[in-house]
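These notes are about the structure you will find just below.
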Amino acid sequence: MKQLTLTIAILGAFCAVSLAGSEQYSGKDMKQVAPVPCAEYYADTEWNVNVFGAYAWSNTDSNRSDRELADDGDGSGLGTRYGEYDKFLAQDHAWGGGVDIKYFFHKYFGIGVEGLAVSGHSRHLSTDETAATRGDEERYSQKDHVVEGALGTLTIRRPIGCTRFSPYAWGGLGGYFNGNNDRPAGVAFERGGRFFDNRSENRFAGQFGGGLEVRITRHIGITTDVSWNVVEGPKNDFGMARTGVNFAF
């Protein structure tokens, strides 16, 4: 009888220890670890000032006509023929830069103003009268100029959570100024010769593009994007690639 009582007591003790251990394990298992918040590199409201360098390329190949054809025409009665080439930048490519200022009134949406300048290079027809031949010799004279632009923009961006990356896209409206082409504004005389002076033009323009920003810190980022510029008039459109440093505050 004593052995039976002792056996029952031992079994009861084991059950109590087992239940106590089970309750303790359950209590540990119910504990929740608070998640560590990730770093936020893009604020809900912030100013952005982006200083960038730019490379522009024209939409039209530089295929100018022969100098004689440009000066005298082709005899068809259609007048002067200048060939196919960009009528605003007036060359295949141009280098420049600018500043883009934006205010993001929401984490994903911002409005801004963009100003830029790129180097243009044009050629206009000249004729030189030589003393030896008393005749005219046609030639193309070179002319450098700077094309400026100013546009208002609307930007949409999508920061990727817990990363430094943010793709963005934008569109803008404004104008470009001081473009040149070979439509003569008049005939000028210089050093015994005459030439057709280029006409300086200002044109309305639209711009749209997309790119990627990488934030090095909360307030400094690197931007890279590509845009297309639709400029009023034929054969004026051009593309542009930009890389810049963005300051956010």
Side-chain angles (χ1 to χ4, degrees), residues 47-64 82-104 108-124 142-158 166-185 198-214 221-248:
W47 284 94
N48 284 194
V49 178
N50 188 14
V51 181
F52 60 85
Y55 168 75
W57 66 92
S58 63
N59 188 37
T60 307
D61 292 334
S62 183
N63 183 24
R64 294 176 181 272
Y82 291 108
E84 298 292 324
Y85 55 93
D86 182 89
K87 298 296 192 294
F88 201 78
L89 292 177
Q91 63 179 12
D92 289 338
H93 57 85
W95 295 92
V99 178
D100 191 3
I101 302 174
K102 295 187 180 75
Y103 175 69
F104 283 89
Y108 305 117
F109 304 101
I111 55 175
V113 177
E114 173 189 332
L116 64 117
V118 295
S119 61
H121 182 81
S122 62
R123 304 189 332 181
H124 54 267
Q142 311 296 321
K143 180 180 181 181
D144 295 319
H145 61 281
V146 177
V147 177
E148 301 98 2
L151 303 100
T153 61
L154 172 64
T155 301
I156 301 173
R157 70 181 181 185
R158 184 62 175 89
S166 177
Y168 60 90
W170 83 95
L173 292 174
Y176 285 100
F177 317 101
N178 198 37
N180 274 229
N181 64 43
D182 277 343
R183 290 207 299 270
N198 291 60
R199 185 189 302 272
S200 180
E201 296 183 334
N202 304 322
R203 297 286 185 176
F204 291 108
Q207 183 186 77
F208 59 91
L212 178 69
E213 180 176 1
V214 181
I222 302 298
T223 60
T224 302
D225 56 51
V226 177
S227 65
W228 190 250
N229 296 265
V230 181
V231 184
E232 177 192 11
K235 306 187 186 308
N236 290 338
D237 301 348
F238 62 92
M240 183 179 295
R242 310 184 305 183
T243 297
V245 179
N246 189 42
F247 301 94

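- Pairing each heavy atom of N50 with each of V245, the nearest pair is OD1-O, 3.0 Å.
- Going from atom CD1 of I222 over to atom CG of L212 covers 11.0 Å, rounded to the nearest 0.5 Å.
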>> N246 vs E213, test: side-chain contact (heavy atoms from CB on, under 4.5 Å). Steps then yes/no.
In response: CA-CA 8 Å; N246 189 42; E213 180 176 1; 2.9 Å; yes

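- Distance check, rounded to the nearest 0.5 Å: CZ of R157 to CH2 of W170 gives 14.5 Å.
- Residues Y168 and R158 fail the side-chain proximity criterion, which asks for heavy atoms closer than 4.5 Å.
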>> I'd like to know whether F104 forms a side-chain contact (heavy atoms from CB on, under 4.5 Å) with N48, so could you lay out the CA-CA distance, the side-chain angles of the two residues, the decisive distance to 0.1 Å, and finally the verdict.
In response: CA-CA 8 Å; F104 283 89; N48 284 194; 3.4 Å; yes

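- Nearest heavy atom pair, residue A117 against residue V146, reads CB-CG1, 3.9 Å.
- Rounding to the nearest 0.5 Å gives a distance of 6.5 Å between CE of M240 and CD of Q207.
- Applying ring-ring contact (aromatic ring centres under 6.0 Å, His included) to F238 and the options W228, Y176, W57 leaves one that passes, Y176.
- By the 6.0 Å and 45° rule, R203 does not stack over the aromatic ring of F177.
- In this structure, the side chain of N202 engages the main chain of N178 through a donor-acceptor pair within 3.5 Å.
- Within the model, atoms CG of L151 and CG of N229 stand 7.0 Å from one another, a figure rounded to the nearest 0.5 Å.
- E232 places a side-chain N or O within 3.5 Å of a backbone atom of F204 that can act as its donor or acceptor partner.
- Using a 30° and 60° split on the angle between ring planes, Y103 and W47 fall in the tilted class, from 30° to 60°.
- When all heavy atoms of A94 and V118 are compared, the closest pair comes out as CB-CB, 4.2 Å.
- Shown here for T153 and K102, the closest heavy-atom pair between the two residues is OG1-CE, 4.4 Å.
- The backbone N or O of W95 sits less than 3.5 Å from a side-chain atom of S119, completing a donor-acceptor pair.
- A cation-pi arrangement, defined by a distance under 6.0 Å to the six-membered ring centre and an angle within 45 degrees of its axis, is present between R242 and F52.
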> Which is it for V49 and V99 under the side-chain contact (heavy atoms from CB on, under 4.5 Å) test, yes or no, and what are the steps along the way?
Replying inline: CA-CA 7 Å; V49 178; V99 178; 4.3 Å; yes

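- Between F208 and V230 the shortest heavy-atom distance is CE2-CG2, 4.2 Å.
- Around CD1 of I111, the count of heavy atoms belonging to other residues, nucleotides or ligands within 6.0 Å does not exceed 12.
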